[in-house]
Every structure is written in C-alpha cells, then in structure tokens.
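Reminder, nothing fancy here: chain letters follow the sequence lines and each chain counts from 1. FYI, side chains are in, hydrogens and waters are out, and symmetry mates aren't considered; it's all heavy atoms of this structure.
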Number of protein chains: 2
Amino acid sequence: MEKIQEQVEVKLEQDAAALEALNLRLSWVGRRWLQHDLDAHHLTVPQYMTLRCIQDSTEGCSMSELAESSHQVSATMTGIVDRLADRGLVARTPHPRDRRTLRVVLTPAGQQLMAEIHAAKRTLTRQVLSSLLVEERQAMIQTTRRYLEMMESILCSP
Amino acid sequence: MEKIQEQVEVKLEQDAAALEALNLRLSWVGRRWLQHDLDAHHLTVPQYMTLRCIQDSTEGCSMSELAESSHQVSATMTGIVDRLADRGLVARTPHPRDRRTLRVVLTPAGQQLMAEIHAAKRTLTRQVLSSLLVEERQAMIQTTRRYLEMMESILCSP
DNA sequence: TATTGTTATACTCTATAACTATA
DNA sequence: TATAGTTATAGAGTATAACAATA
C-alpha cells in the first residue's frame, strides 16, 4: 500500500515538473506571440495590458489602479500612459472629487484601435477549444482560473 | 437542429473569449511571479530563460541557438550573455571545428545557482495538480502542450 | 501626516543596421 | 558569397528615491 502511494507521489512530481516547464515556455512564447500580433499596431505588451485594463473598467482607471492591476509601481505606469497619451489613445481626465487623482480613459481613437485588434485576433484559442468536448473546455477554464488566482494571491500578499 | 448547432457555436465563442482573457492575464502574472522568485538571485526572466536553455542542452548552445530558442535576434542575446558572463554564471568557449561559432556553457557557479533556484521553487504547480485526478493531470499537460506547439508554429512560420 | 502622481536616474531588454572574422 | 557573432544606437519598460500637490 505504501509502495503504491509512493509511486503516486513520484508520478505527481514528474507531472508537476513537466507542466511547470510547459507553463514557463508557454508564458514566454505567449508573450512573443502577442507582441507579434501587436507589432502591426505599433503597440507593446505593457501598453496593450494597460488599454485592456481601462477598457474593462466602467469609468476609467486611476494611475494607482493601473499600477496595482499590473503589479507595477506607479512611476512605471506614468511612462506607459505618457506614450499612449502622446499617440492620442488615452486621456488623463480629472477626478470630480479628489484633485490628487486622475481618471485615465480611452479616447475614441483608442476604442477604435482596440476594436481593430479584437477583429484581427487570431483564432488560436478557438482552434484548440473546438477540438475539446464541452466538459473538457469547462474543466480547462476552471483549472486555468484556479492557477491564476493562486498566482495573484501569492504575488499580492507581501 | 440548426438552432442547437448555433447555440454550440455561441458557447464556443464565449469559452474562447473567457480562456483567451485568462491566458493573457496568466501569461502576464506568471511572468511577474517568476520575476518575483528570481529577484532573490538577482536574475531577470530573459537571463533565466537563457540559463534554462543552456542547461537543457548537452554540450552548450551557440549564440544562434539561444537566439532562435527565445525567438530573438542574436544581437539581443549578446547583451544577455554578456551580463551572465560578467557574473561568472556562463562562459563562451570555442567550437572545435567552426571558429566562427561559440559554445556557451554553464560554469560551476551557474550550475549551483540553477540548483538553488530549483530547490527554492514554490510548489504552486504541485498544489494545483495534487487536487486533480491522474487523468485530468494528463489531459491538462496534453492540452497545454498542444497550445504551445500551435503558438510556436505560428511564431516561427514567417 | 498620509496619499496620488510625477520627475530624475540607472539598468535591462529589444530591434535595426553596420561591421569583423571565418567558412 | 554566406554565416556567426559583436558593436553602435535608439527606444521601451522597470524599480528606487526624491519631490509637488492635495486630502
């Protein structure tokens, strides 16, 4: 009985090592792949992440919110938003109540660019998913979400 | 019948959008998480990827191989390997037959550092995997591998 | 005093173009 | 001529520390 348990442990260790190596490479290649897509629009990955964050919000984001969302210091966000603003994709608008705070919003040009990117997006995800059963798709989404939540909690805790 | 097929398509589209958003965030957070781990060893993510690539090879890598593996131009690799060599973690050794080519290898210090990082690695992957059935783990590894292969093929083709 | 955001600085990564040495 | 690698250059992202404005 103990021997079987031991074998299960060994197998788990192997699976963990295999998946860890795959995820490391997936994260790296995924970024290069995204950058490859964004090149056509002269956007960088951090710039795109920032636009997504603003897009997902209802009334724009403060600089602090953008920094927190991407796990970066606010000084870094200043530079990224500067370049997006220079291109007219976002605008810094004042906060109605707190004059220290800004609301960064998408301009019409920014909204249009995001729509173009969305339309041009490759169908890699759909290709993979369409070869799975509905239950498998759900399981994959659930597992990925769990992964992400664990990572974020570890990253935010200190 | 057509109506059911339509619903399946809609559902697939939703699943694809959900997983795409998750993967985008996972790729970003995964990198921050890795960087957070590497900070203790004063390594950057590109430096770590380079060390991994050398470690996985049997007789060291040429500069071209390192560049190709990370989908970067060789001029970029020159800088990364310069900094690793300055710290004594890798060494440029001559190729026995072709005097144009280098073999970048891990020094003993580099091997020791990689061993330390491996030992200190968080058990996030194992935590997630241990809550899955063996069949689910295998399915997850397979799906992740398929994803990666598709990405790499798209990235390399042009 | 505490918070929001920017500026100044230094370093790494990244690509392009021009270059050297070798095949 | 073609290939392997480096150098020079420019720009983007990143963190730290110091700072101004506001609460």
Side-chain angles (χ1 to χ4, degrees), chain A residues 27-29 31-36 38-51 53 60-87 89-104 155 158, chain B residues 27-29 31-36 38-51 53 60-87 89-104 155 158:
Chain A
S27 174
W28 179 271
V29 176
R31 194 192 172 95
R32 306 293 303 185
W33 178 70
L34 176 59
Q35 182 60 66
H36 182 261
L38 295 176
D39 279 347
H41 306 280
H42 303 98
L43 275 181
T44 66
V45 173
Q47 286 168 5
Y48 179 67
M49 293 300 292
T50 304
L51 293 175
C53 188
C61 300
S62 69
M63 296 300 290
S64 318
E65 286 167 349
L66 288 174
E68 191 186 4
S69 162
S70 55
H71 302 278
Q72 283 169 326
V73 298
S74 57
T76 299
M77 286 312 306
T78 297
I80 295 172
V81 171
D82 277 352
R83 281 162 223 121
L84 290 173
D86 286 346
R87 285 183 56 186
L89 300 175
V90 304
R92 288 174 165 100
T93 63
H95 189 284
R97 297 190 214 295
D98 191 337
R99 289 203 296 175
R100 294 173 304 178
T101 304
L102 294 174
R103 267 188 190 161
V104 186
L155 209 52
Chain B
S27 174
W28 180 270
V29 176
R31 193 191 173 97
R32 305 296 302 187
W33 179 69
L34 176 59
Q35 183 60 68
H36 182 260
L38 295 177
D39 279 346
H41 306 280
H42 303 98
L43 276 181
T44 66
V45 174
Q47 286 167 4
Y48 179 67
M49 294 299 292
T50 304
L51 292 175
C53 188
C61 300
S62 69
M63 295 299 291
S64 319
E65 286 167 348
L66 288 174
E68 190 185 5
S69 162
S70 55
H71 303 279
Q72 282 168 327
V73 297
S74 58
T76 299
M77 284 314 305
T78 297
I80 294 172
V81 171
D82 277 352
R83 281 161 224 122
L84 291 173
D86 285 346
R87 286 184 54 187
L89 299 175
V90 305
R92 289 174 165 99
T93 63
H95 189 284
R97 297 190 213 297
D98 190 338
R99 289 203 296 175
R100 296 172 303 177
T101 302
L102 294 175
R103 268 189 192 161
V104 185
L155 208 52

Side chain to side chain contact (heavy atoms under 4.5 Å, CB included) with [X]: which residues, sequence neighbours excluded?
X: B:S74; answer: B:A67
X: A:T93; answer: A:R103, A:V105
X: B:T76; answer: B:Q72, B:V73, B:I80
X: B:E68; answer: none

Only counting residues at least two apart or in another chain, list the ones meeting side chain to side chain donor-acceptor pair (under 3.5 Å) with [X].
X: B:R92; answer: B:D82
X: A:D39; answer: A:Q35
X: B:R87; answer: none

Per [X] side chain, nearest of listed nucleotides [options]:
X: B:Q72; options: D:dA15, C:dT14, D:dG5; result: C:dT14
X: A:R83; options: C:dT22, D:dG13, D:dT7; result: D:dG13
X: A:R32; options: D:dA4, D:dT7, C:dT14; result: C:dT14

Starting at atom [atom1] of [X], determine the distance to atom [atom2] of [N], rounded to an integer number of angstrom.
X: B:Q35; N: C:dT12; atom1: CD; atom2: C1'; result: 10 Å
X: A:L66; N: D:dG13; atom1: CG; atom2: C1'; result: 15 Å
X: A:I80; N: C:dT6; atom1: CD1; atom2: P; result: 12 Å
X: B:D82; N: C:dC13; atom1: CG; atom2: P; result: 11 Å
X: A:E65; N: C:dT3; atom1: CD; atom2: P; result: 16 Å
X: B:M77; N: D:dT6; atom1: CE; atom2: P; result: 10 Å
X: A:E68; N: C:dT4; atom1: CD; atom2: P; result: 10 Å
X: A:M63; N: C:dT3; atom1: CE; atom2: C1'; result: 15 Å

Seminar exercise, completed: Partner of B:L89 under side-chain contact (heavy atoms from CB on, under 4.5 Å), picked from B:V81, B:T50, B:L43, is B:L43
Exercise. Considering only heavy atoms from C-beta outward, does the side chain of A:M77 approach that of A:S70 to under 4.5 Å?
Worked result: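 Heavy-atom side-chain distance check passes, below 4.5 Å.
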Problem set entry | DNA chain C contacts made by residues 39-51 of chain B, counting heavy atoms under 4.0 Å | B:T44, B:P46, B:Q47
For this session: Would you mind classifying the nucleic acid contact of B:S74 as base, sugar-phosphate or nothing, using non-hydrogen atoms under 4.0 angstrom?
Result: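 It contacts base atoms.
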For this session: Search all heavy atoms of B:M63 against all heavy atoms of B:L102 and return the closest pair with its distance.
Result: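 Taking B:M63 first and B:L102 second, the nearest heavy atoms are CG-CD1, 4.2 Å.
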For this session: For the helix from C:dT1-D:dA23 to C:dA23-D:dT1, measure the angle between the helix axis at one end and the axis at the other, each built from five pairs, rounding to 10°.
Result: 10°
For this session: Not counting sequence neighbours, which residues clear salt bridge (charged side-chain N to carboxylate O under 4.0 Å, His left out) with A:R83? List them please.
Result: none
Exercise. Does A:R31 use its side chain to pair, donor to acceptor, with the backbone of A:V45 at less than 3.5 Å?
Worked result: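 Not confirmed, A:R31 side chain does not pair with A:V45 backbone.
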For this session: Take A:W28 and A:T78, find for each the nucleotide of DNA chain C with the closest heavy atom, and name the residue whose nucleotide sits nearer the 5' end.
Result: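 Checking each residue's closest nucleotide, the 5'-ward one belongs to A:T78.
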Would you tabulate the pairs of protein nitrogen or oxygen atoms and nucleotide nitrogen or oxygen atoms of nucleotides 16-21 of chain C closer than 3.5 angstrom?
none

